[in-house]
Amino acid sequence: MRNIEVARIFYELADLLEFKGEAIFKIRAYRNAARILAGLDRPVETVRQEGALTKIPGIGRNIAAKINEILLTGSLKKHEDLLREIPPGLLEIMSLPGIGPKRAGMIHKELGITSLEELAGAARNGQVRHLPGMGAKTENDIIRNIKMRQDSGASILLGTARELAEEFSGYLKLLPGVVRVEAGGGLRRRQETVTGIELVVAAADPGPVMEAAAGHPAVKETIKECSDRVVFDTKWGVAVHVEVVPEKSFVAAWFRNTGSRAHYNRICHLMSERGITFDPAVPGSFGEERNIYAALGMQFIPPELREDRGEVDAALEGRIPGLVELKDIKGDLHLHTGWSDGLNSMEQVVARAREKGYRYVAVTDHSRSLKIAGGLSLDRLREQHRKIRSLNEGLEDFYILTGIEVDILPKGDLDCPDEILKETDLVIASVHSAFKQDRETMTARILSAIENKNVHIIGHLTGRLINHRKGYALDVERVLDAAASCGTILEINSSPDRLDLNELNARRAKEKGIKFSVSTDAHSLKGMDDLIYGVSVARRAWLSPGDVVNTMSAGELLRFLGKK
DNA sequence: GCCGTTTTCGGCCCGACTGTTTTCAGTCG
């Protein structure tokens, strides 16, 4: 069982108990445990076998016993019992923005509602506004948020899709006769969300492979099947498509499968114009995907750009830039530690950064106002920065930047005095409160942070959480113009549920000459692995290493930061 | 629930915003 699946049981257990009105600290303990499990950088099963579960801070005897039960039986009785008692639709209702356990409980009790669909109906009929504490505005929010939820449908985050695809591919690769397995579709193009996981398999005989694939433990049922492809519904809540082709046709099939459809059609059109035969079903001479583009006398187009957004013409004219790669990144500039709400010590974070081959990191814990995240008082911040300086003295070929993720307060002032920011190597300014301000107020608020000389980077600019929360109302164009004229760096936050800036805003920003920090905002060692997703956004935004400040050496970066 | 003890229970993480009220409960981060 994957760590995240164990974590999910505890998250859900916490939600269920919260709905029941259980003691808040118990709920917190479960949520905390879930967060720890999700952030664990090795299999919880291994920790269990070592008998070391209770050695993890935050996991006590009780939760350790529950983890044991889950790993040994595949489920948790307490969780299953609660699920039978509380309609699962109520958890979905509770997860709507603005709806917590109390309101969900009231909606259930007063209107007899047990699902999102029923709630949407009641809201449209104006029944919700008559409940105590609810009004027309809440009712409209409910309708809007349910619609957003339904529109996102079965889409899952890139990060999740990638992990699940690796899991399924690993299984397929072990099957007899399987020569090669690769992910295609939106996942290979690194879309921020995908609606299905597409896998292309090279094997001589599709039948047995497809049959064996159906035996994967995550497969619930076969939705569609023909001679060389099959679609499974899975317990992961996402469809897995498996296409099996002979090895000779693999590259052509993989290319077609990768898409996008618009891109693929344009390439096929060019081929037919020039009399080049291209039929994925027919074994061709395209031993490598690169050859497909070469046959057309054009540059290779990386999968991330294959969206028919000008890349074909650019490739024909030799204008595809050298895109930034993971290996170009020399340091992570947005990291949290146990000093605020991170799970690990600075020493652990630094050690992991060095394992990754980074040359520097910035430790950017939260500022004092963000109490829930353990924001650092000014004294604690000074203490942390002193500690960083002393750590640096013992480090060779590595530099820890003193940093802070300072809140942009509702009125636009920063949550830390300028004289302290001035002495800090790297200042990220982010919005963490008053998300519902109107567009004008929010824009002015962020502009004032951009205009502050001590602010180097604006963190997660729009505040969106993919499939969960829209970004705040914001005049992005004005913000980009201001960032360009002030020389303020914009972050591409690599957390899979943020990816903020998104690829379109990042591409606009690049056109205005803005520089980027591609960083993780990690709160755990595992979170530090998310950088690949930020790099994916950067690539989809056509960014080169020169656009990204954390491809610089430490010396270059410090000079660059000093220049703002 | 977990933790850390002054070992057996008390402290955990709290302040601001929102939409509803007309002084506040619920939600959020």
Side-chain angles (χ1 to χ4, degrees), chain A residues 9-11 13-37 53-67 69 76 78-79 82 93-107 109 123 128-142 144-145 336 338-343 365-377 380 405-411 413 415 430-438 441-442 445 459-460 463-465 468-473 495 497-498 521 523:
Chain A
I9 291 177
F10 282 106
Y11 276 127
L13 182 60
D15 289 346
L16 290 160
L17 290 173
E18 192 172 27
F19 183 80
K20 289 199 69 173
E22 182 64 81
I24 188 66
F25 288 107
K26 187 191 281 195
I27 292 162
R28 235 174 245 173
Y30 286 133
R31 287 224 170 96
N32 187 43
R35 186 166 163 263
I36 290 164
L37 292 170
L53 285 173
T54 54
K55 293 215 172 67
I56 303 172
I59 310 282
R61 269 182 50 195
N62 223 309
I63 291 182
K66 288 186 168 61
I67 294 173
E69 183 186 337
L76 182 68
K78 185 178 174 120
H79 174 241
L82 285 167
I93 289 173
M94 216 166 81
S95 74
L96 289 171
I99 308 291
K102 298 277 167 56
R103 286 177 165 180
M106 182 173 64
I107 286 166
K109 186 156 167 272
V128 173
R129 67 178 69 189
H130 299 304
L131 296 172
M134 314 276 267
K137 193 151 186 187
T138 309
E139 197 171 70
N140 283 329
D141 283 350
I142 287 173
R144 223 192 37 245
N145 287 320
H336 294 276
W339 284 67
S340 65
D341 60 347
L343 294 174
D365 277 309
H366 290 291
S367 59
R368 58 189 168 179
S369 287
L370 207 58
K371 304 281 184 194
I372 186 103
L376 270 56
S377 68
R380 287 273 292 160
E405 181 180 20
V406 60
D407 264 45
I408 307 172
L409 297 169
K411 294 207 169 77
D413 46 331
D415 189 28
S430 309
V431 167
H432 289 116
S433 60
F435 295 140
K436 293 193 176 177
Q437 286 179 334
D438 64 70
T441 310
M442 183 61 87
R445 179 179 176 187
H460 45 72
R464 69 152 175 186
L465 293 176
H468 184 67
R469 180 178 82 199
K470 271 187 143 54
Y472 11 88
S495 178
D497 61 345
R498 289 194 184 269
D521 196 0
H523 289 72

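The shown structure was predicted, so the numbers you read here are calculated from the model rather than taken from an experiment. Note that these values count all heavy atoms, side chains included, but never hydrogens, waters or copies made by symmetry.
For the pair A/Asp521 (side chain) and A/Ser495 (backbone), a donor-acceptor distance under 3.5 Å is absent. With hydrogens and angles disregarded, a donor-acceptor distance shorter than 3.5 Å links the side chain of A/Arg368 to the backbone of A/Asp415. Although no hydrogens or angles enter the test, the distance criterion places a donor-acceptor pair under 3.5 Å between the side chain of A/Glu139 and the main chain of A/Val128. With A/Arg464 contributing its side chain and A/Arg498 its backbone, the two residues share a donor-acceptor pair below 3.5 Å. No side-chain donor-acceptor contact under 3.5 Å links A/Glu18 to the backbone of A/Ile27. Side-chain atoms of A/Asp497 do not come within 3.5 Å of backbone N or O of A/Leu465 as any donor-acceptor pair.
Across the P atoms, B/dG11 and B/dT5 are found 16 Å apart, a figure rounded to whole Å. Rounded to whole Å, the separation between the C1' atoms of B/dA16 and B/dG4 comes to 32 Å. Comparing B/dG10 with B/dG15, their C1' atoms are spaced 23 Å from each other, to the whole Å. Straight-line distance between the C1' atoms of B/dG1 and B/dT6: roughly 22 Å, to the nearest whole Å. Taking atom P on both nucleotides, B/dT20 is separated from B/dG26 by 14 Å, rounded to a whole Å. Taking atom P on both nucleotides, B/dT18 is separated from B/dC13 by 26 Å, rounded to a whole Å.
For A/Arg469, the CZ atom counts as densely surrounded, since its 6.0 Å shell holds more than 12 non-hydrogen atoms of other residues, nucleotides or ligands.
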Next item on the list: I would like to know whether A/Arg445 and A/Met442 meet side-chain contact (heavy atoms from CB on, under 4.5 Å); could you show each step before the answer?
Entry: CA-CA 5 Å; A/Arg445 179 179 176 187; A/Met442 183 61 87; 3.6 Å; yes
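Spacing between atom NE2 of A/His366 and atom C1' of B/dC14 amounts to 15 Å, rounded to whole angstrom units. In this structure, A/Arg28 atom CZ and B/dG11 atom P are separated by 14 Å, rounded to whole Å. Computed from coordinates, the A/Leu409 CG to B/dG15 P distance equals 15 Å when rounded to whole Å. Distance, A/Leu16 CG to B/dG1 P: 14 Å, rounded to whole Å. Between A/Gln437 atom CD and B/dT18 atom C1' there is a gap of 12 Å when expressed in whole angstrom units. Atom CG of A/Asp415 and atom P of B/dC14 are 16 Å apart (whole Å). Atom pair A/Ile408:CD1 and B/dC17:P shows a separation of 15 Å (rounding to whole Å applied). As rounded to whole Å, 12 Å separates atom P of B/dC17 from atom CG of A/Asp407.
Syn is the conformation of B/dT7, whose glycosidic angle sits no further than 90° from 0.
Considering all non-hydrogen atoms of both residues, A/Ala33 and A/Gly58 come closest at CB-O, 4.5 Å.
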Note to self: Within the 4.0 Å limit for protein heavy atoms, which parts of nucleotides 19-29 of chain B are touched? Write it as a string from 5' to 3', B for base, S for sugar-phosphate only, - for none.
What the structure shows: SS-----SSSB
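Using a 4.0 Å heavy-atom criterion, one finds that A/Lys78 contacts the sugar-phosphate atoms exclusively. Residue A/Tyr30 is classed as a sugar-phosphate contact, given heavy-atom separations below 4.0 Å to backbone atoms only.
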I'd like a table of atom pairs between the protein and nucleotides 2-6 of chain B - only N or O on both sides, under 3.5 Å - with the distance next to each one.
residue	atom	partner	partner atom	Å
B/dC2	OP1	A/Gly60	N	2.9
B/dC2	OP1	A/Gly60	O	3.3
B/dC2	OP1	A/Asn62	N	3.4
B/dC2	OP1	A/Ile63	N	3.0
B/dC3	OP1	A/Gly58	N	2.7

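With sequence neighbours excluded, the residues satisfying salt bridge (charged side-chain N to carboxylate O under 4.0 Å, His left out) with A/Lys26 are A/Glu22.
Base pairing annotation: B/dT8 forms no Watson-Crick or G-U wobble pair, as no partner gives both donor-acceptor distances under 3.5 Å.
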